[in-house]
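Numbers here simply count residues along the sequence, with the first being 1.
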Amino acid sequence: MQEQKKVYWNQNRITAFSPLKKDTTADVVIIGGGITGITTAYLLRDTNLNVILIESDRLASGTTGHTTAKITAQHGLIYHQLIQQQGTERAQQYYQAQNQALATIKAIITKHQIACDFSEEDAYVYTQDSDYLKKIEKEMKAYEQLNIPGEMQAKISLNMSIQAAIKMKKQAQFDPLKYLGFLVDTLSKDTHFDIYEHTPAQDVENGTSNQPTVVTKEGHRIRAKYVVVASHFPFYDNGGLYFARMYAERSHLIAVTPKQACFPGGMYISAEQPIRSVRATIRDGKETWLIGGERYRTGDTKKQTHAFHQLQNFANDMVDLEAVTHQWAAQDLTTSDSIPFIGGLTTRTKNIYVATGFHKWGMSNGMVAAQLITDRILGKENSFVELFSPHRFHVNPDLMKLISMNATTAKHLTKGKLSISTKHIRDLVMNNGTVIQSGKDKIGVYRDENKKLFAVDTTCTHLGCEVKWNKEEDTWDCPCHGSRFSIHGEVLEGPATKPLKQVDLNVTEDA
């Protein structure tokens with residue numbers, strides 16, 4: 001992988017752990033080693049509960065390790081929307097939950113003096129589009145109604161002209177892997193905790209009993225009193241239909257170094273599309289700008305093309321660049337009302353909790369989820385249970401949003417099945433993939449740098465949609481529910497749990 005394709009955050013900050021190699025038991029099993037799973041384990045450390053945390057890959061290697069790492073309650077223009085759709089009380093609760101999450105992260109960092117580049121910054125939502133000016137004004141009124149410290153501005157310190165911006169004061173940013181690395185090292189020294197990497201969960205048996213059993217891909221079983229599914233997408237659904245109640249989006253990010261340090265401070269995100277997110281950090285004494293955006297539904301091959309180039313053009317317009325040092329992509333899940341699903345997996349499932357649908361705001365929502373689920377396990381009151389309940393449903397706007405989301409899925413399903421590929425293997429260049437037609441079947445073919453071919457059935461193993469080739473990241477992506485697969489067909493992102501079927505190419509180079 002070329003240097004500019006690597007994620008900015010240093011994975012080596014996290015201690016490595018061995019896979020699980022035997023059956024075992026625990027009071028709590030946490031599935032997923034991102035910010036939610038690791039923080040939940042940390043919050044349980046003074047309870048004397050035996051906790052096992054398993055991760056399918058490396059700790060913090062998923063969405064948590066692909067973040068811009070803003071810790072903020074400012075989630076775009078959300079508060080006017082929440083007041084209109086959920087009411088003032090729930091909008092207030094949402095802000096309180098996010099603000100409490102920020103305060104808790106700050107308290108943990110201060111208590112342990114964690115060197116994780118934590119800094120308080122004002123957060124800005126800005127617009128360059130005059131059509132969004134009224135939306136900014138409505139959001140400011142929502143701030144005033146909810147007593148959120150903030151103000152409206154006609155200018156920001158970045159080198160760009162804007163129509164208006166709204167500022168939320170004293171938010172924060174940090175290096176998530178330095179922070180989580182400390183928590184992991186703390187947990188690894190505690191005899192009540194065991195951590196296993198490269199241990200994918202495959203199923204949960206007797207999910208409705210008081211002691212569910214997690215089954216790993218290798219067939220090992222972990223019997224527990226409580227299970228926390230913090231695996232980004234709930235690999236175990238049990239009739240919760242999470243795949244139909246959320247949609248997957250990818251976004252792109254670049255890290256750039258300016259010729260001269262000049263970042264004015266603050267964290268910035270645009271109100272309109274295409275989204276542009278800007279913040280800065282320091283590594284090895286050198287200023288680095290982290291710029292993100294170019295959101296699109298997973299599998300939208302048209303929009304993913306040239307995404308990194310567009311972000312670089314945006315950066316060039318603001319600052320004199322020395323280099324683009326890193327570029328990467330991230331995937332996140334959004335619910336129909338933009339509020340995460342945190343709580344009991346289903347109304348029928350006892351002692352199994354889920355945290356998903358963070359809407360690209362995983363640093364604060366990860367802490368919200370960890371606190372709420374920990375309280376549920378310990379039998380404590382938590383005032384945000386109803387707000388984040390996975391079982392909530394509001395006829396307006398949820399019904400229309402669900403219809404829209406699933407209409408898009410149906411369109412991709414039908415179009416993918418009926419389309420005929422006219423591509424040929426002979427035209428496939430090295431380090432690229434394409435879909436070819438073999439009779440009535442579609443085959444996804446990838447040619448590596450040694451001209452070796454790898455072929456998979458393009459039928460997604462989740463619900464049968466046709467995957468598409470993502471040439472920016474060398475993956476097969478499903479446009480229906482966001483599953484992603486490697487060139488060999490291995491699952492990279494759920495909801496799929498089974499790999500794409502590998503195909504033996506009985507064709508010639510002239511096929």
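- Glu218 CD: 12 or fewer foreign heavy atoms inside a 6.0 Å radius.
- With hydrogens and angles ignored, the 3.5 Å screen pairs a side-chain donor or acceptor of Thr104 with a backbone N or O of Gln100.
- Considering all non-hydrogen atoms of both residues, Asn382 and Phe384 come closest at OD1-N, 2.9 Å.
- Between Phe182 and His112, the ring planes are tilted. Angles from 30° to 60° get that label.
- Ion pairing between a basic and an acidic side chain is recognised when a charged N comes within 4.0 Å of a carboxylate O; Glu121 and Lys170 show no such pairing.
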Does His66 form a side-chain contact (heavy atoms from CB on, under 4.5 Å) with Leu253? I'd like the steps, not just the answer. CA-CA 9 Å; His66 291 70; Leu253 303 97; 5.7 Å; no

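- Using a 4.5 Å cut-off on side-chain heavy atoms (C-beta onward), Leu49 and Ile377 make contact.
- Both tests pass for Arg245 against the ring of Phe341: distance under 6.0 Å to the centre and angle within 45° of the axis.
- When all heavy atoms of Ala91 and Leu146 are compared, the closest pair comes out as CB-CD1, 4.0 Å.
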How far apart are the C-alpha atoms of His462 and Phe233, what are their side-chain angles, what is the distance that settles it, and do they pass the side-chain contact (heavy atoms from CB on, under 4.5 Å) test? CA-CA 12 Å; His462 176 227; Phe233 200 103; 5.8 Å; no

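- Between Phe174 and Tyr179, the angle of the ring planes lies from 30° to 60°, which puts this pair in the tilted group.
- For the pair Met367/Ile35, no side-chain contact is recorded, criterion being any heavy-atom separation below 4.5 Å from C-beta on.
- Considering only heavy atoms from C-beta on, Phe17 stays 4.5 Å or farther from Leu53 through its side chain.
- Arg348 places a side-chain N or O within 3.5 Å of a backbone atom of Asn238 that can act as its donor or acceptor partner.
- Rounding to the nearest 0.5 angstrom, the gap separating the CG atom in Leu180 from the CD1 atom in Ile114 is 9.0 Å.
- A side-chain donor-acceptor contact under 3.5 Å links Ser188 to the backbone of Asp185.
- For the pair Ile14 and Arg58, the minimum side-chain heavy-atom distance is below 4.5 Å.
- In terms of modelled atom types and a separation under 3.5 Å, the side chain of Asp237 and the main chain of Tyr242 share a donor-acceptor contact.
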Step by step, would you call Thr288 with His326 a side-chain hydrogen bond (donor to acceptor under 3.5 Å, both in side chains)? CA-CA 10 Å; Thr288 299; His326 301 76; over 6 Å; no

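- Thr213 places no side-chain N or O within donor-acceptor distance of the main-chain N or O of Glu205, the cut-off being under 3.5 Å.
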After noting the C-alpha distance and the side-chain angles of Ile269 and Ile275, does the key distance pass the side-chain contact (heavy atoms from CB on, under 4.5 Å) rule? CA-CA 7 Å; Ile269 192 167; Ile275 293 294; 3.9 Å; yes

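- In this structure, Cys465 and Cys480 have their SG atoms less than 2.5 Å from one another.
- Closest approach of Ala26 and Asn50 over heavy atoms only: CB-O, 3.6 Å.
- One finds the OG1 atom of Thr346 at 6.5 Å from the NE2 atom of His391 (value rounded to the nearest 0.5 Å).
- Taking both residues in full, the closest heavy atoms of Met363 and Ala69 are given as CG-CA, 3.9 Å, listed atom of the first, atom of the second, then distance.
- The heavy-atom pair separating Leu77 from Ala271 by the smallest distance is CD1-CB, 3.6 Å.
- In this structure, the side chain of Gln113 engages the main chain of Thr110 through a donor-acceptor pair within 3.5 Å.
- Under the 30°/60° scheme for interplanar angles, the aromatic rings of Tyr94 and Phe388 are found to be tilted.
- When atom types are taken as modelled, the side chain of Thr356 and the backbone of His232 share a donor-acceptor pair closer than 3.5 angstrom.
- Residues Thr461 and Phe485 are in side-chain contact: their nearest non-hydrogen atoms beyond the backbone lie under 4.5 Å apart.
- Interatomic distance, Phe118 CZ to Ile108 CD1, rounded to the nearest 0.5 Å: 11.0 Å.
- Without hydrogens or angle criteria, Glu139 side chain to Tyr79 main chain gives a donor-acceptor distance under 3.5 Å.
- Residues Asp175 and Thr281 are not in side-chain contact: their nearest non-hydrogen atoms beyond the backbone lie 4.5 Å or more apart.
- Formation of a donor-acceptor pair under 3.5 Å by the Gln173 side chain with backbone atoms of Thr68 is not found in this model.
- Summarising the geometry, atom CD1 belonging to Ile105 is positioned 7.5 Å from atom OG belonging to Ser364; distances are rounded to the nearest 0.5 Å.
- Salt bridge Arg90/Glu386: present, at least one basic N to carboxylate O contact under 4.0 Å.
- Counting only heavy atoms from C-beta outward, the side chains of Glu493 and Arg250 approach each other to under 4.5 Å.
- Residues Lys225 and Asp27 are paired through a salt bridge, judged by an N-O separation under 4.0 Å between the basic side chain and the carboxylate.
- In this structure, Lys468 does not pair ionically with Asp477, as no charged nitrogen and carboxylate oxygen lie closer than 4.0 Å.
- Ring pair Tyr446/Trp469: centre-to-centre distance below 6.0 Å.
- Counting heavy atoms from C-beta outward, Tyr8 and Arg283 have side chains that approach closer than 4.5 Å.
- Scanning both residues, Thr64 and Gly34, for their nearest heavy atoms gives OG1-CA, 3.5 Å.
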Pair His481, Cys460 - check side-chain contact (heavy atoms from CB on, under 4.5 Å), show working. CA-CA 10 Å; His481 300 111; Cys460 179; over 6 Å; no

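- For the atom pair OG1 of Thr36 and OH of Tyr353, the computed distance is 16.0 Å after rounding to the nearest 0.5 Å.
- With values rounded to the nearest 0.5 angstrom, Glu89 atom CD is found 13.0 Å from Leu82 atom CG.
- Remark: the backbone N or O of Glu197 is not paired with any side-chain donor or acceptor of Glu55 at under 3.5 angstrom.
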